Structures are given as structure tokens and as C-alpha cells.
Amino acid sequence: MISFRPDLLKSNPDKTLKPKLDFLRDVGFSTPDLTLVLSKNPCILTSSLGNQIVPAYGFLKSILGIDKVIISTAKRAPWLLHTDLHKRMGSKIEFLQDHGVPDSIISAMIKHQPRCFLNVRLDRLTEVLVKLEAMDFRPSTSSFYMAISTLLSLNESLWEEKCELYRSFGWSEDDILSAFKRGLRLWNYQRIK
């Protein structure tokens, strides 16, 4: 950690580091959890407890609910703990809620693919939602979650290249959509198996 953040050596252990570690322990991070999270992202220790870490944790708590889920999400994406999540995700969450996407789907997106959700622009999210509605995906289904996650992880030109390849083999739009949906069902089956 010191090689990535040498400024940690200048930090006051009692005033700067201990309160952050105490907060993270109080919400349920074990010593191995803290070791993993802090080794992946030592910036947490140089972030403001009151202005970054606590608000980020509170935001995750409002979406994910259970401390254990927040901890497992933070272990995969420790940068969540020092990001202004309300600013970076708030409008996207409201947009999805306004378009009938249930909180359980939004929670799953943040839990499993937070970077994809965090980095997407609102106009791109709109494009993907319109595309999924045209493909007849219902926001309340697990296939919607998998479809939106997949399309958000691809840029539009890559999606179009893939579709064009299938068209070159004589596939119709219905064939492509059917294959996409079948692939999502297979992915879901393998995930829960």
C-alpha cells in the first residue's frame, strides 16, 4: 500500500487512519475484508471519512440494504467507498426507476457491475433502454438485468458490428434477437447452477 500511496506515512494514525478503520469495522468489515479492500485501493485511507466514505457507504446502504451485500460489493469494487455515488449514480437510478425498473434490478446492477453502471452516460443509458423496449424486454425480469448489463458493457458500434456479422450470414433481425435472448437464458442458467 505504501508504494502506491507513500503519503500514508505522513498520516496521523489516531486522527486520520484509525477513525476510518473503526468505521469500516463497525459496519461489518472483517480484518481479511479490510486487508483485501485496502490493498486493492489504499486511496480509501486518504479519503475524507465524513465527506466521502460515510456518504458513499450510506448511498450503497440505501440501494443494497444489507451490510453483508455492501461489503461483498466493496470487495469487488473498493473505489465505491470513496466516490461521490450520489453525483455519479443518483440521476441514473432515478431515470431507471422512472422507467419502471424495479429496485431489485437496480440493486443487482450495482452489486454485480458497478463500474459499468457508474461510467455510463445518461444518454447512453437512454439509448440502451429504448433498444431493450424495442426488443420487448420487460424491466421487471432477470433477463432485462442481463440484457441491460450486456448492452451497457458494449459500445454501440461493437453491438452493430456483431449484428452486421450475423446479417451477413443471412440472419434476420428476429433471428439475432432470438439468439441474444437465448444466450441470456443460458448465461442465467449457468450463473444459478
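Keep in mind that this is a model prediction, so the values were computed, not measured. Values below: all heavy atoms of this structure, side chains included; hydrogens, waters and symmetry mates excluded. Counting begins at 1 with the first residue of the sequence.
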Worksheet entry | Between Ser178 and Asp175, a side-chain donor and acceptor under 3.5 Å | no
Discussion item. With rounding to the nearest 0.5 angstrom, report the OG to CE distance, Ser149 to Met109.
Written reply: 5.0 Å
Discussion item. What verdict does the side chain to side chain contact (heavy atoms under 4.5 Å, CB included) test give for Leu118 and Leu85, after you've listed the backbone C-alpha separation in whole Å, the side-chain angles of each residue and the deciding distance to 0.1 Å?
Written reply: CA-CA 8 Å; Leu118 185 74; Leu85 298 177; 4.1 Å; yes
Worksheet item: Distance only, no hydrogens: is a donor on one side chain within 3.5 Å (strictly under) of an acceptor on the other, for Gln52 and Asp84?
Response: no
Worksheet item: Is it true that Arg121 and Glu127 have a side-chain N and a carboxylate O under 4.0 angstrom from each other?
Response: no
Discussion item. Any heavy-atom pair between the side chains of Ile93 and Ile110 that's under 4.5 Å?
Written reply: yes
Fill in: For the student: nearest non-hydrogen atoms of His82 and Ala56, plus distance
N-CB, 4.4 Å
Item to complete: Measure across Leu154 and Arg124 and return the closest heavy-atom pair with its distance rounded to 0.1 Å.
Response: O-NH2, 2.7 Å
Discussion item. Side chains of Leu184 and Phe180, heavy atoms from C-beta outward: is any pair under 4.5 Å?
Written reply: yes
Response to the item:
Rounded to the nearest 0.5 angstrom, the CD-CG distance for Gln113 and Leu152 is 8.5 Å
Discussion item. If you define the side chain from C-beta out and look only at heavy atoms, does anything of Val128 sit under 4.5 Å from Lys131?
Written reply: no
Worksheet item: Is there a donor-acceptor contact under 3.5 Å from the side chain of Glu164 to the main chain of Glu160?
Response: no
Worksheet item: Going from CZ on Arg25 to CG on Leu34, what distance comes out if it is rounded to the nearest 0.5 angstrom?
Response: 5.5 Å
Practice prompt. Taking the side chain as every heavy atom from C-beta outward, state whether Ser140 and Ile105 have any pair of such atoms under 4.5 Å apart.
Written response: no
Practice prompt. Answer whether the closest heavy-atom distance between the side chains of Leu21 and Leu38 falls below 4.5 Å.
Written response: yes
Fill in: Closest non-hydrogen atom pair between Ile176 and Cys163, with its separation
CD1-O, 3.6 Å
Worksheet, complete the sentence: In short, Phe144 meets Pro139 closest at the heavy-atom pair CG-CA, 3.5 Å
Practice prompt. Run the salt-bridge test on Arg138 and Glu133 with the 4.0 Å N-O cut-off and return the result as yes or no.
Written response: no
Worksheet item: Should Val54 and Leu80 be counted in the same cluster of Ile, Leu, Val, Met, Phe, Trp and Tyr side chains packed under 4.5 Å apart?
Response: yes
Discussion item. As a test of understanding, state which of Ile106, Thr73, Leu60 forms a side chain to side chain contact (heavy atoms under 4.5 Å, CB included) with Lys111.
Written reply: Thr73
Worksheet item: Between Asp22 and Lys18, is the closest basic N to carboxylate O distance under 4.0 Å?
Response: yes
Practice prompt. May I ask you to check whether over 12 heavy atoms, not counting those of Lys162, lie within 6.0 Å of atom NZ?
Written response: no
Practice prompt. Measure the shortest side-chain to side-chain distance between Phe29 and Phe23 over non-hydrogen atoms and say whether it is less than 4.5 angstrom.
Written response: no
Worksheet item: Going by atom types only, do Asp33 and Ser30 share a side-chain donor-acceptor pair under 3.5 Å?
Response: yes
Worksheet entry | CD1/Ile66: more than 12 non-hydrogen atoms of other groups inside 6.0 Å | no
Practice prompt. Say whether, by atom type as modelled, one donor and one acceptor occur between the side chain of Ser47 and the main chain of Cys43 under 3.5 angstrom.
Written response: yes
Worksheet item: Would you say the side chain of Ile148 lies within less than 4.5 Å of the side chain of Leu125, judging by non-hydrogen atoms?
Response: yes
Worksheet item: Does the Lys40 side chain pair with the main chain of Ala77, one donor and one acceptor, at a distance under 3.5 Å?
Response: no
Fill in: Lys68 (side chain) donor-acceptor with Gly28 (main chain) under 3.5 angstrom
no
Item to complete: Return yes if a side-chain donor-acceptor contact under 3.5 Å exists between Asn155 and Ser157, otherwise no.
Response: yes
Worksheet entry | CA sep, side-chain torsions, deciding dist, call: Trp79, Val37, side chain to side chain contact (heavy atoms under 4.5 Å, CB included) | CA-CA 9 Å; Trp79 46 268; Val37 167; over 6 Å; no
Item to complete: Could you grab the distance from atom CE of Met89 to atom CD of Glu94, nearest 0.5 Å is fine?
Response: 13.5 Å
Fill in: Any donor-acceptor pair under 3.5 Å from Lys92 side chain to Arg88 backbone
yes
Discussion item. Assess the residue pair Leu177 and Asp136 against the criterion (side chain to side chain contact (heavy atoms under 4.5 Å, CB included)); give the C-alpha distance rounded to whole Å, side-chain angles, the decisive distance to 0.1 Å, and a yes or no.
Written reply: CA-CA 10 Å; Leu177 178 57; Asp136 202 30; 5.9 Å; no
Fill in: Side-chain donor/acceptor of Lys20 to backbone N/O of Leu49, under 3.5 Å
no
Discussion item. So Leu165 and Trp171, do their side chains get closer than 4.5 Å, heavy atoms only?
Written reply: no
